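Here is the naming used below: chain letters follow the sequence lines, and residue numbers restart at 1 for every chain. Small disclaimer: the values here were computed from a predicted structure and weren't measured.
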Number of protein chains: 4
Amino acid sequence: MDADAQEQEIAELTRLVREFSVERDWEQFHDPKSLVLALVGEVGELAELFQWIPADRAATEFGPEGRQRRAAEEMADVLVYLVRLADVLGVDLGAAARAKLADSRRRFPADELRGVAPHKA
Amino acid sequence: MDADAQEQEIAELTRLVREFSVERDWEQFHDPKSLVLALVGEVGELAELFQWIPADRAATEFGPEGRQRRAAEEMADVLVYLVRLADVLGVDLGAAARAKLADSRRRFPADELRGVAPHKA
Amino acid sequence: MDADAQEQEIAELTRLVREFSVERDWEQFHDPKSLVLALVGEVGELAELFQWIPADRAATEFGPEGRQRRAAEEMADVLVYLVRLADVLGVDLGAAARAKLADSRRRFPADELRGVAPHKA
Amino acid sequence: MDADAQEQEIAELTRLVREFSVERDWEQFHDPKSLVLALVGEVGELAELFQWIPADRAATEFGPEGRQRRAAEEMADVLVYLVRLADVLGVDLGAAARAKLADSRRRFPADELRGVAPHKA
């Protein structure tokens, strides 16, 4: 995605979260370890939503006809802290994700791994 | 944020991750609970990077002059699975994050909470 | 379980982990936030083991005839850090677990909740 | 720890959690992936307790003179789900932890690693 006059979506979100933090003088709490713990807290809430739902019903239970909004809220919280952590470390999160995906394309050739979930040894 | 001629950044990333999954026939593994577990795995790798670094040195250790690239990779992995989960559930992740942030502005008035980290009881 | 001459199992484990830490002069790294991050790292490794295994095959895949030993290792790592964190905070982990279970018996009456997974709103 | 007439502490806890589950007919929900997600939820609650506390005050904040009891509750929840997962997989959690610790003693010689936190590359 090339540079243009318009602010990129993740950069905009980063700016909004930073403004939110500055207005509350909460930057003092946002060291990386604290932010990772906050991220873990939100991932925990996301996990709790899904924990007892049978695997084959989870997509429906939290899809457009279900509690999608609840899942969206928890996912939003995860993204907000991830974006905040990236800002604190000076990481361009969108660029990092695109680079990682390009790298995964090389490491996991579609021809060799079709239908095979690479599992941890 | 309304539709415009240009694809939004998170939508583009979502499309790239979906293509990656389809090409490998990995959609079959991407039920929500499995994706949350994968997200947890990546958050765990992020946590491991920071675990033994003293809190006041973490931003430098993983900043532009340090191992920023390593942190960026793990954060990218978290974002990729988050985006994939949002796609599977039909969630507009960018919109959800902006809505959540607007909600947080209401719930945490800057005037009342300046410098105070709201803690869990 | 009342006090007796023999050291309780969790107390023994706590002592072993403490000795391990002292011998390596690693107590300096074991502040609570760092230990929680380390715990998160191990939980992440546990999650990675299970992530792409179909839900209805996971118990077999990591059971006595399967990769039980791998799961046991990751679960052991989680326990070790949990025990270490408890030691640092002066928490009697076994007693806390028994108290929590007694509390859960009161909060979740078997008669009312039989077969119903209490879900997060 | 040698075999004796008395039930070991972790075995006792395992039995209590199993009874609790059976009485509520909740075994049906306790497949490994669901239990790992539940564990993640509890680890998230533990992380939330610590997230905004300055690193050098966390041990005091959640020590005997502080909110130790709150930390103990969350740690108890983590242990309960860990013990339940071990039971479902047939893992002897105490033995696994002792074996892992013995293994760590070999992998991390005290002489070579004194005062050095082995970090992830």
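Put simply, the side chain of C/E9 reaches to within 4.5 Å of the side chain of D/R98, judged on heavy atoms. Side-chain contact between C/L46 and D/L85: present, with at least one pair of heavy atoms (C-beta onward) separated by less than 4.5 Å. With contacts defined as side-chain heavy-atom distances shorter than 4.5 Å, the pair C/E19/D/R105 qualifies. Side-chain contact between C/M75 and D/L89 is present, with heavy atoms from C-beta onward closer than 4.5 Å.
Contact annotation for C/F20: both backbone and side-chain heavy atoms come within less than 4.5 Å of a heavy atom of chain D. Both the backbone and the side chain of C/Q68 come within less than 4.5 Å of a heavy atom in chain D. The parts of C/A86 that come within reach of chain D are both its backbone and its side chain, each placing non-hydrogen atoms under 4.5 angstrom from that chain. Proximity to chain D (any heavy atom under 4.5 Å) is shown, for C/A99, by neither the backbone nor the side chain. At a 4.5 Å heavy-atom cutoff, the contact between C/S104 and chain D is made by backbone and side-chain atoms alike. Within the 4.5 angstrom heavy-atom criterion, only side-chain atoms of C/L39, from C-beta onward, approach chain D. Contact annotation for D/A47: both backbone and side-chain heavy atoms come within less than 4.5 Å of a heavy atom of chain C.
When the shell of 6.0 Å around CZ of D/R15 is examined, it contains more than 12 heavy atoms from other residues, nucleotides or ligands.
Here C/D77 is the residue among C/D77, C/V40, C/V43 with the most heavy-atom pairs under 4.5 Å with chain D. For the options D/D56, D/L13, D/V88, D/D103, heavy-atom pairs under 4.5 Å to chain C are most numerous at D/L13. The candidate with the highest count of non-hydrogen atom pairs below 4.5 Å against chain D, out of C/L37, C/D31, C/L79, is C/L79. With chain C as the partner, the residue from D/L82, D/V17, D/V80 showing the most heavy-atom pairs under 4.5 Å is D/L82. Of the listed residues C/R114, C/R24, C/E23, the one with more heavy-atom pairs under 4.5 angstrom with chain D than any other is C/R24. For chain C, the option among D/A11, D/G44, D/A76, D/S34 with the highest count of heavy-atom pairs below 4.5 Å is D/A76. No other option in C/L93, C/I10, C/V78, C/V36 has as many heavy-atom pairs under 4.5 Å with chain D as C/I10. When each of D/A97, D/A95, D/P109 is checked for heavy-atom pairs under 4.5 Å with chain C, D/A97 comes out on top.
Across D/A72 and C/A96, no two heavy atoms sit closer than the pair O-CB, 3.8 Å. In terms of heavy-atom proximity, C/Q28 sits nearest to D/G115 at NE2-CA, 3.6 Å.
Side chain of D/K33 to backbone of C/A58: no donor-acceptor contact under 3.5 angstrom is found. Side chain of D/W26 to main chain of C/V116: a donor-acceptor pair is present (N/O by atom type, distance under 3.5 Å, no hydrogens or angles).
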